[in-house]
Amino acid sequence: MSAQTTEFDPVVILTNAFGRAIAQALGDNAGAADAMIAPNKRPELGDFQCNAAMPLAKRLGEPPRTVASKILRALEPVPIIEPLTDADIAGPGFINIRLRPEAIGELLAAFDTPALGLVCEGEPETVVVDLCGVNLAKQMHVGHLRSMIIGDALARIFERLGNRTIRQNHVGDWGLPIAMVTHKLQEEVDSGRMRLDAVTLDDLDRLYKEAQRDCTADTRGLAAARRWRMGPKAEAELEAQVTGAEEALADAKQTLLRLQRQEPATVRIWRSIADITMAECLKVSEQLGVRLSAEDAAGESSYAAELAGIAEDLVSRGVAEMSEGALVVKVEGLDQPCLIKKSDGGFLYATTDMAAIRRRVQQFGADRVIYCVDSRQSLHFAQVFGAARRSGYATKPGASTPSRLEHAANGMVLGEDHRPFKTRSGENVKLADLISEAMERAGNVVAAKSRDLPADEVAAIARAVGVAAIKYADLSNDRIKDYVFSFDRMLSFEGNTGPYLLYALVRIRSIFRKAQERGIGFDRHAPILPSAPAERALALVLLRYPETVRAAAKHLEPHRLCGLLYELATAFSTFFDACPVLASEGATRAGRLRLCDITARVLADGLTTLGIPTLERM
RNA sequence: GCGCCCGUAGUUCAGUUGGAUAGAACAACGGAUUUCUAAUCCGUCGGUCGGAGGUUCGAGUCCUCCCGGGCGCGCCA
């Protein structure tokens with residue numbers, strides 16, 4: 001497949017050519033040696049380099065430069081490169097490779113298709129992406145930000161590569177904490193203090209915290225008061241608190257039972273809580289340009305009816321066993337087993353996750369399930385994945401091996417003080433507030449820089465710039481690491497930021513607008529003849545696009561694509577500065593226009609693949 | 001106590017399967033605009049890659065130990 005004449009990726013062409021040369025020169029001794037072709041570390045020496053001679057030399061017991069020389073003698077002519085001689089062997093045995101100038105234009109022309117080199121390889125897979133994970137009755141905060149942004153980007157990357165994706169929002173909508181707040185809201189409504197149709201998410205957030213507090217008995221405080229003889233008044237107060245908490249907890253448990261029995265009055269309250277929370281969640285998704293719909297929500301409640309059956313199934317097949325009164329599934333390689341059922345008969349979130357895996361793999365047909373969740377859950381997922389594989393829930397009907405279950409763990413969002421991102425008073429920052437602040441700040445900058453644009457367009461630009469800033473700042477960092485959130489840095493519009501990428505794109509758009517104004521036509525088949533260093537450099541970055549998208553998918557790392565797009569924007573900016581497009585003439589102008597067009601399409605495609613909005617002007 | 005993750009320039013971050021002289025950006029300083037958006041470009045300055053051993057022709061990358069930071073560790077979700 002890679003030997004097609006339409007191949008545009010010089011790495012692939014060189015890998016094949018050098019692979020054949022290695023096999024011919026060194027025979028079986030070389031085995032299936034990789035040609036180790038890479039972009040040249042030192043551009044002044046060449047465009048690419050072959051690093052294969054050194055490891056082969058070790059295996060063959062010959063000096064590496066001798067091996068390199070043999071490879072070169074066995075190398076059949078490669079049309080895209082300048083002829084190689086021993087003079088191109090450098091250092092311990094690097095082979096420096098330089099593309100012919102015309103070849104770069106030809107490769108780029110082969111790359112210049114609507115698909116931009118990204119065709120589906122092999123069978124498309126069904127990929128389930130678990131993202132967002134919002135909890136009922138709680139404001140969304142920065143903790144959800146990364147899961148949503150990274151999850152959406154990964155889903156888009158898989159879609160771009162031709163796979164079928166299913167987004168799943170594993171909503172925390174079940175269990176005792178939800179019952180607590182349901183009960184609390186019921187009390188507020190019953191007493192007439194609140195009207196169900198006027199409840200806001202802020203109200204729920206407050207009630208949630210109050211319910212938590214109501215249900216937490218201060219038994220340690222009471223014990224301490226008795227031990228230190230703090231007086232009858234203090235003891236009585238604490239006793240009343242503990243009694244009250246026990247009652248509240250009992251009420252909550254009753255509410256949970258009523259929910260499980262689907263009692264209409266209780267379900268009505270719960271449904272309101274769910275509706276209010278999900279409306280906010282979808283609003284935030286929409287603002288951020290995260291593709292997440294109401295249909296993608298599969299809450300814990302949707303699995304509740306399956307849990308008992310799962311426990312029975314696991315016991316009957318000998319997968320689960322009793323341990324210290326609880327039902328567990330032991331997982332090879334882990335000290336702690338996966339807890340399926342508490343000694344009091346209740347189920348845990350691991351049980352729900354097992355049910356989710358079963359549905360995703362066996363019902364949805366997932367070949368891969370990717371969890372975009374906080375890295376703190378890594379032990380939990382190791383347990384659940386292990387238990388799911390053991391139980392067969394992770395295996396598609398008729399398949400012989402389990403589907404791939406992967407935790408795309410993300411680090412935390414930190415404030416500039418390197419502590420978890422909070423408000424000054426120590427509260428979680430509401431995601432809605434964070435987004436509106438980004439847009440407001442972006443609006444200030446846009447209004448200051450783009451005075452000649454109409455007000456409504458400025459507002460639209462500000463929204464796009466704010467979202468691009470937030471999302472690019474998140475995506476361009478290594479997913480696994482904590483990252484430091486800074487409005488000033490992400491909106492500075494300088495350096496490695498979302499706005500910088502957008503700026504590169506709008507500058508290209510502007511060239512084409514000007515071209516049209518001046519009656520300069522665009523020939524999308526014009527020969528590309530990169531002669532200036534900036535043109536060569538830009539072309540070589542463009543050719544790396546498809547492989548970079550694939551690498552981002554392979555490693556579940558969107559920041560690889562961010563890095564390439566930043567390099568592309570930088571290469572274009574340098575080109576823009578050094579190579580006049582419209583002021584040039586003839587073939588040069590036509591070729592440069594086409595180079596601009598391809599650059600704009602790759603930039604836009606890359607940004608869209610990451611879920612970052614694009615712009616015509618800014 | 002056990003486990004996982006992280007440690008790279010003053011700051012924020014890249015660094016591909018182990019490949020040449022570890023790269024950007026910000027900050028600081030100096031330049032560039034009668035020309036397509038200067039929200040830009042070019043240059044200068046800045047590093048014992050947490051430390052010590054080891055494997056290797058070659059280590060930021062792999063192994064061992066140590067230091068520092070974060071997170072997690074059966075009946076919460």
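These numbers come from the heavy atoms of this one structure, side chains and all, not from hydrogens, waters or symmetry mates. All values derive from a computational prediction rather than experimental measurement. Chain A is the first sequence line, chain B the second, and so forth, proteins listed ahead of strands; every chain is numbered from 1.
A 3.5 Å limit on both hydrogen-bonding distances identifies B:C13 as the Watson-Crick or G-U partner of B:G23. Nucleotide B:G43 forms a Watson-Crick or G-U wobble pair with B:C29, both donor-acceptor distances falling under 3.5 Å. The partner of B:C49 cannot be assigned: no Watson-Crick or G-U wobble pair with both contacts below 3.5 Å exists in any strand. Under the Watson-Crick or G-U wobble criterion, with both distances below 3.5 Å, B:C36 has no partner in any strand shown. Judged by Watson-Crick or G-U wobble contacts below 3.5 Å, the nucleotide B:C75 has no partner. Of all nucleotides present, only B:C67 satisfies the Watson-Crick or G-U wobble test against B:G7, with each distance under 3.5 Å.
One finds no salt bridge joining A:Arg98 and A:Asp88 here, because no Lys/Arg side-chain nitrogen approaches an Asp/Glu carboxylate oxygen to under 4.0 Å. Residues A:Asp488 and A:Arg441 are paired through a salt bridge, judged by an N-O separation under 4.0 Å between the basic side chain and the carboxylate. Salt bridge absent: A:Lys514 and A:Glu517 never bring a charged side-chain N and a carboxylate O closer than 4.0 Å.
Under 3.5 Å, the side chain of A:Ser450 and the base of B:A39 form at least one donor-acceptor pair of N or O atoms. A donor N or O paired with an acceptor N or O is found under 3.5 Å between the base of B:C75 and the side-chain atoms of A:Ser343. Residue side chain A:Glu300 does not reach the base of B:A77 through any donor-acceptor N/O pair under 3.5 Å, judged by distance alone. Residue side chain A:Tyr349 reaches the base of B:A77 through a donor-acceptor N/O pair under 3.5 Å, judged by distance alone. The base of B:A20 sits within donor-acceptor range of the side chain of A:Asn96, with an N or O pair under 3.5 Å.
Atom CE in A:Met490 sits roughly 17 Å away from atom C1' in B:A39 (whole-Å rounding). A:Arg509 places its CZ atom 19 Å from the C1' atom of B:U40, with the value rounded to the nearest Å. Rounded to an integer number of Å, the gap from A:Leu565 CG to B:C13 P is 20 Å. What separates NE2 of A:His418 from P of B:G70 is a distance of 13 Å, to the nearest Å. Atom CD1 in A:Ile340 sits about 15 Å away from atom P in B:C76, given to the nearest Å. Between A:Leu379 atom CG and B:C5 atom P there is a gap of 12 Å when expressed in whole angstrom units. In this structure, A:Asp577 atom CG and B:U33 atom P are separated by 11 Å, rounded to whole Å.
Side-chain proximity of A:Ser573 to the nucleotides B:A77, B:C41, B:A38 is greatest for B:C41. The A:Val484 side chain lies nearest to B:C13 when the options are B:C13, B:G7, B:C2.
Annotation: cation-pi geometry not satisfied between A:Arg507 and A:Phe572 (NZ/CZ under 6.0 angstrom from ring centroid, within 45° of ring axis).
At the heavy-atom level, A:Phe572 lies nowhere under 4.0 Å from the strands shown. A:His559 comes within 4.0 angstrom of sugar-phosphate atoms only, judged by non-hydrogen atoms across all strands, and of no base.
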Verdict with reasoning, A:Leu249 to A:Leu176, per side chain to side chain contact (heavy atoms under 4.5 Å, CB included): CA-CA 9 Å; A:Leu249 198 60; A:Leu176 200 52; 4.1 Å; yes
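For the C1' atom pair drawn from B:U40 and B:U35, the interatomic distance equals 14 Å after rounding to whole Å.
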